[in-house]
Amino acid sequence: MKIMIVGSGGREHALAWSIKKSSLCDELFCLPGNGGTAELAKNMAIGSEEINNIVSFAKNNRIDLAVIGPEAPLVLGLSDALQEKGVKVFGPNKLAAQMEGSKSFAKGIMFKYGVPTGAADTFESYEQALHYVKEQAFPLVIKADGLAAGKGVVIVNTITEAEEILSDCFLDQKFGPAGNKVLIEEFLSGPEVSLLCFVDGKNYLPMTPAQDHKAIYDGDKGPNTGGMGCYSPVPLLADSVYQEIIETVVEPTIWGLQGEEIDYQGVLYFGIMLTENGPKVLEFNARFGDPETQVVLPRLNTDIVELMLATANRELGAASIGWKKEVCISVVLASGGYPGDYKTGIEISGTSEASKQENVLVFHAGTKLEAGKVLTAGGRVLNVTALADDFTKAREKAYQAIKLINFDGMYYRQDIGQRAVQQQIKV
Ligand code: AMP
Ligand code: GLY
């Protein structure tokens, strides 16, 4: 098969690595890919939101399967555009992608079908939102309705903070059209778990759970990022709670999608908080998570292309999925200054030495290859990933491999997976 992956992050490198192992894959393209995918696939200089160019490329090159990584092209309707031209796609259509593209759309489905989630109201004007906020107890969570690259969710503790965020959304249009509508949500607390499921419109197949570390500093301090590291499985998640998530969250969501005649095909990501009152959905993503994918796929024991084809062909009911016993952790190496301003174009050394270590994988996120050199090209630069028998060993392996890598300003959290080690001991 000729397969193409749309996207350029660590998730797409992990997808490329996994797809390349499949005996079904003869030729692999990444649009546009990064410095890491360049070693596994042919990178094409086509941006992930250039819908017409992507469709032309797929047609001209007789692509057999298109795998769409990021949310933006899904929400723009890339899956629909490719399917209209007869290209088989793994990834939801424009309407289904609204599960991520509009938080009020997703809430509407959850409320209607009884999926547990925080109470929330939607507002389309600054005045209305502010009026509401003044009558609520803090903390509150304010969320831009549309896509905001992980920056559209803010926890506010005072009326002044709330005013600031609402003004960012409505008056200063800081999030563009994504902030013309906001959701004001009840504050929930508890550990978070990411559960990714293959969904073929009717059937679903859950993947192994993962947990990411969203804050920039050790101990979950500082501003949220796109994710500073991840691990899988999640020792904290007891079998009984996992089962509760399947029964109270996953199944009603899949029924709800069918009830609304939304043809959801691809990965549905459930971002779940384990609250004192049971599991509740914080968000859906219409795609593989990043960095969840970088710890989930190394543990996969089934051919990913077979799973993607079963999903796209609506045959998931007959599919099964297997996982390695080894645990996996991935540490994000970021550019100094991220998630604020940072420099790019800085030379990176040591990635090939690090990836030669046993059971270590170095997934590239924000990198590019230029004249044979690997340069930084984003905030999150590399995902150093290790598989081992337990989390203590996996952490040792990943952090040893990191010592071989260097670039100016390189920053990473020291405590990725530490929580899993502690929970493992308790278990
Ligand atoms: P989201 O993009 O909706 O997942 O939000 C990003 C992060 O914000 C989540 O992973 C949580 O850490 C936090 N968050 C979102 N919603 C809530 C909530 N209702 N209560 C507390 N924290 C939240
Ligand atoms: N790790 C969170 C996300 O992919 O949105």
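Order of appearance sets the numbers: ligands from 1, and atoms from 1 within every ligand. Every value quoted in this text rests on a predicted model; they were computed, and no experiment measured them.
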Exercise for the section: Look at K202 together with D200 and state whether they make a salt bridge at an N to O cut-off of under 4.0 Å. Expected result: no
Problem - Per-atom contacts, ligand 1 versus K214 - under 4.0 Å to a heavy atom - result: 10 (O)
Fill in the blank from the handout: Among non-hydrogen protein atoms, atom 7 (C) of ligand 1 lies closest to N224 ND2, 4.0 Å
Problem - K107 with E185: basic N within carboxylate O range, under 4.0 Å - result: yes
Problem - Electrostatic pair R413-D415, nearest N-O below 4.0 angstrom - result: yes
Problem - Electrostatic pair R287:E100 at N-O distance under 4.0 angstrom - result: yes
Which pairs of nitrogen or oxygen atoms, taken one from ligand 2 and one from the protein, are under 3.5 angstrom apart?
{"unit_1": "ligand 2", "atom_1": "1 (N)", "unit_2": "D212", "atom_2": "OD2", "d": "3.0"}
{"unit_1": "ligand 2", "atom_1": "1 (N)", "unit_2": "D290", "atom_2": "O", "d": "2.9"}
{"unit_1": "ligand 2", "atom_1": "1 (N)", "unit_2": "E292", "atom_2": "OE1", "d": "2.8"}
{"unit_1": "ligand 2", "atom_1": "1 (N)", "unit_2": "E292", "atom_2": "OE2", "d": "3.2"}
{"unit_1": "ligand 2", "atom_1": "4 (O)", "unit_2": "R287", "atom_2": "NH1", "d": "3.0"}
{"unit_1": "ligand 2", "atom_1": "4 (O)", "unit_2": "D290", "atom_2": "N", "d": "2.9"}
{"unit_1": "ligand 2", "atom_1": "4 (O)", "unit_2": "D290", "atom_2": "O", "d": "3.4"}
{"unit_1": "ligand 2", "atom_1": "5 (O)", "unit_2": "N285", "atom_2": "ND2", "d": "3.1"}
{"unit_1": "ligand 2", "atom_1": "5 (O)", "unit_2": "R287", "atom_2": "NH2", "d": "2.9"}

Problem - ligand 1 to F187 polar contact by distance, N or O atoms, under 3.5 Å - result: no
Completion exercise
Atoms of ligand 1 under 4.0 Å from any heavy atom of K103, numbered from 1 in the order shown, are 2 (O), 3 (O)
Exercise for the section: If the plane angle is over 60° it's perpendicular, under 30° parallel, otherwise tilted; pick one for Y231 and H213. Expected result: perpendicular
Practice task
Please confirm whether K280 comes under 4.0 Å of ligand 1, counting heavy atoms of the residue only.
Solution key: no
Handout entry: Charged tip of K325 within 45° of W323 ring normal and under 6.0 Å
Key = no
Practice task
Considering heavy atoms of the protein only, find what lies nearest to atom 20 (N) of ligand 1 and give residue, atom and distance to 0.1 Å.
Solution key: L188 N, 2.8 Å
Handout entry: Residue part near ligand 1, for L282, under 4.0 Å between non-hydrogen atoms
Key = both
Fill in the blank from the handout: Applying salt bridge (charged side-chain N to carboxylate O under 4.0 Å, His left out) to D263 and not counting sequence neighbours gives R314
Handout entry: Salt bridge D220-R419, side-chain N to carboxylate O under 4.0 Å
Key = yes
Problem - Set of ring pair (Phe, Tyr, Trp, His ring centres under 6.0 Å) partners for Y217, sequence neighbours left out - result: none
Handout entry: For K143, the ligand 1 atoms whose distance to one of its heavy atoms is below 4.0 Å
Key = 3 (O), 15 (C), 16 (N)
Exercise for the section: Taking the side chain as every heavy atom from C-beta outward, state whether I245 and L237 have any pair of such atoms under 4.5 Å apart. Expected result: yes
Handout entry: Heavy-atom pair of closest approach, residues G227 and D212
Key = CA-OD2, 4.4 Å
Practice task
Have a look at E186, M273, E192, E283 and point out the one with the heavy atom closest to atom 10 (O) of ligand 1.
Solution key: E192
Fill in the blank from the handout: closest protein heavy atom to atom 19 (N) of ligand 1 is E185 OE2, 2.7 Å
Practice task
Could you list the residues that satisfy salt bridge (charged side-chain N to carboxylate O under 4.0 Å, His left out) with E260, not counting sequence neighbours?
Solution key: K112
Exercise for the section: Below 4.0 angstrom from a heavy atom of V153, which ligand 1 atoms are there? Numbered from 1 as shown, please. Expected result: 1 (P), 2 (O), 3 (O), 5 (O), 8 (O), 15 (C)
Practice task
Looking only at protein heavy atoms, identify the closest one to atom 18 (C) of ligand 1 and say how far it is in Å.
Solution key: V141 CG2, 3.5 Å
